[in-house]
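Report on the structure given below.
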Amino acid sequence: MAQTRATDARRIRRHNELSILSTLRYSGSASRPEIARRVALTLQAVNGIFEYLLDLGLVAEEGKRVGAVGPPSTVYGLNPTGAYAIGLDISFDKLEAAIINFKGQMIYRVQTDYERPEPLLIQAAVDKSLKSLKSYMQRSDLDADRIVGIGLIEPGFIKNMTDLRGDLLDGAQMWKDQSIKNIMPDWLDLPLYIEPSPVVSALSMKVFSEKKMPSSYLFLSIGHAIEGCLVLNGDVHKGGTERAGKIGAIPVRIDEKGTVVTVRDVSSFSILHERLLASGDHVLTTEDFYRAVHKQPMVVENWMKDASEAIFMGILAVQAVSDVATVYLQIAPPNMIGEAMVEKIRTGFAALTNKDISIPDIHLSHSPSIAPALGAASIVLYEHFSPKLDRITDVKRAMERILPLMGAA
């Protein structure tokens, strides 16, 4: 029993430490009394945790703030050299790797090109890129032992090989019996976190956005596929099997007998692409697609009607159980589609007669314009420093790397 209480106490302590770090990340510099109010802890408890985080090098003093009453107060922020994270973005013909500091600022970025998306070529590119990052940190006298993990955006071509043609398809098919984890070099002793693009975008909004983000929101990404994730109290919810977020696949088609006909995605740009092809447009490249969108307004309008209906129903279902205040839609260009979709979804909510369901604010995504690799690196900061009790074990490896550097017990 005593051991259980001690374990619970350590978990609660770790939760409070991460809550303080998270507050400093998303609200900027603050004094200890301000932090105590924001995380609902006593000033005595915050003082003890701050001394610990200062010793670890995760928090640093950032100066004095002069108030209207009383002596100047010391303000604190995240120490940029407290921890580092690596991000990888793998595309058809290049790999981008970047490293960010604890504040989310880019330290170094490198691009490695290859001819085809074959496993061996990408594995060589990963090895070369990571060695380049490590070499840069050594040259810059930065502590590579404070790198706590690698974030990787799930390569879309591995999931969508049937959409490829020619030599790209030949290269991507080699991944059928391969795991993306196998491309990591043997010499690298870091945890790897792989997330789909929508999750990375949602996390990037929290880490890199200059605007303060709400603690809970629904994020949807509409592009070649439609995916999303639900952020609740700062934690990204992906479901027990990490398949949550398939908003566009919610069934909305019903025949005259009231039977569900299909649960097929009707909302993504791949469906619009199909409709443009069926109308006679030769759509192969991105430029072809945008050109066809402007040439075929009725095709686009009919697709938007179906897509908006499906997305509205998906948001409505999520809203009925989560009651978030904000929904962000990240929609690939052209921008006219995004603006029209937002208006159609807003109109759907305005027409609701059931007032028991609150109406969220619908916005086009305010995702900062950053390199995908930087977004991938934000996965690591989230995984290691998210203040959720059921995620405390995820920070163990990060702290194990940092504690010996400071001589901490």
**OP:** Apply side chain to side chain contact (heavy atoms under 4.5 Å, CB included) to Leu95 and Asp89, showing your working.
**Re:** CA-CA 6 Å; Leu95 179 142; Asp89 178 47; over 6 Å; no
**OP:** Start with the C-alpha distance between Leu56 and Leu54, add both sets of side-chain angles, then the distance that settles side chain to side chain contact (heavy atoms under 4.5 Å, CB included), and finish with yes or no.
**Re:** CA-CA 5 Å; Leu56 284 180; Leu54 285 165; over 6 Å; no
Subject >> Verdict with reasoning, Val380 to Val148, per side chain to side chain contact (heavy atoms under 4.5 Å, CB included) >> reply: CA-CA 7 Å; Val380 180; Val148 295; 3.6 Å; yes
Subject >> Ile222 vs Leu329, side chain to side chain contact (heavy atoms under 4.5 Å, CB included): CA-CA, chis, key distance, verdict >> reply: CA-CA 7 Å; Ile222 304 171; Leu329 266 67; 4.2 Å; yes
**OP:** Dump the intermediate steps for ring pair (Phe, Tyr, Trp, His ring centres under 6.0 Å) on His384 and Tyr193, then the final yes or no.
**Re:** CA-CA 10 Å; His384 283 291; Tyr193 303 98; 5.4 Å; yes
Original post:
Run the side chain to side chain donor-acceptor pair (under 3.5 Å) check on Lys64 and Ser73 step by step: do they pass?
Top reply: CA-CA 5 Å; Lys64 301 286 186 179; Ser73 58; over 6 Å; no
Subject >> Trace of the side chain to side chain donor-acceptor pair (under 3.5 Å) decision for Ser279 with Arg275 >> reply: CA-CA 6 Å; Ser279 70; Arg275 295 189 182 188; over 6 Å; no
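Residues Lys131 and Pro185 form no side-chain contact, since every pair of their non-hydrogen atoms from C-beta on lies 4.5 Å or further apart. In this structure, Ser132 and Tyr108 have side chains that are in contact, with non-hydrogen atoms separated by less than 4.5 Å. When side chains are defined from C-beta on, Ile107 does not count as touching Ile100, because their heavy atoms never get closer than 4.5 Å. Within the 4.5 Å cutoff, the side chain of Leu130 has no heavy atoms near those of the Lys134 side chain. The closest side-chain heavy-atom distance from Thr326 to Pro360 is not below 4.5 Å. Contact annotation: the side chain of Ile315 approaches that of Phe349 to within less than 4.5 Å [non-hydrogen atoms, C-beta and beyond]. Side-chain atoms of Thr23 and Glu34, non-hydrogen and from C-beta on, never get closer than 4.5 Å to each other.
Note: Phe219 and Tyr328 fail the aromatic proximity criterion, with ring centroids not under 6.0 Å apart. When ring centroids are compared, Phe102 and Phe385 come within the 6.0 Å threshold. Taking the six-membered ring for Trp, Phe50 and Tyr76 have ring centres closer than 6.0 Å.
Formation of a donor-acceptor pair under 3.5 Å by the Ser22 side chain with backbone atoms of Leu18 is not found in this model. Using modelled atom types, one side-chain atom of Ser378 and one backbone atom of Gly375 make a donor-acceptor pair closer than 3.5 Å. One N or O on the side chain of Glu96 and one on the backbone of Ala373 form a donor-acceptor pair closer than 3.5 Å. Using modelled atom types, no side-chain atom of Asp127 and backbone atom of Gln123 make a donor-acceptor pair closer than 3.5 Å. The backbone N or O of Gly82 lies less than 3.5 Å from a partner atom in the side chain of Arg146, making a donor-acceptor pair. Side-chain atoms of Gln319 do not come within 3.5 Å of backbone N or O of Ile357 as any donor-acceptor pair.
Here the shortest heavy-atom pairing between Ala376 and Gly87 reads CB-CA, 3.8 Å. Residue Leu192 comes nearest to Met184 through the heavy atom pair CD2-CG, 3.8 Å, listed as atom of the first residue, atom of the second, then distance. Pro372 approaches Ile153 most closely through the heavy-atom pair O-CD1, 3.3 Å. Looking at every heavy atom in both residues, Met304 comes nearest to Ile337 through SD-O, 4.0 Å. Pairing each heavy atom of Asn79 with each of Ala60, the nearest pair is CB-CB, 4.0 Å.
The residues Arg32 and Glu61 are annotated as not salt-bridged, no charged nitrogen and carboxylate oxygen being separated by less than 4.0 angstrom. Classification of Glu17 and Arg13 as a salt-bridged pair holds, one side-chain N sitting under 4.0 Å from a carboxylate O. Contact check on Lys344 versus Glu339 returns no salt bridge, with no Lys/Arg side-chain nitrogen under 4.0 Å from an Asp/Glu carboxylate oxygen.
In this structure, Arg346 fails the cation-pi test against Phe312, since its NZ or CZ atom is not both closer than 6.0 Å to the six-membered ring centre and inside 45 degrees of the ring normal.
The line from CD of Gln138 to CG of Leu142 is 10.5 Å long, rounded to the nearest 0.5 Å. Atom CG of Leu220 and atom CD1 of Ile345 lie 7.5 Å apart (nearest 0.5 Å).
Other residues, nucleotides and ligands place more than 12 heavy atoms under 6.0 Å from the CD1 atom of Ile359. Heavy-atom contacts from other residues, nucleotides or ligands closer than 6.0 Å to NZ of Lys128 number 12 or fewer.
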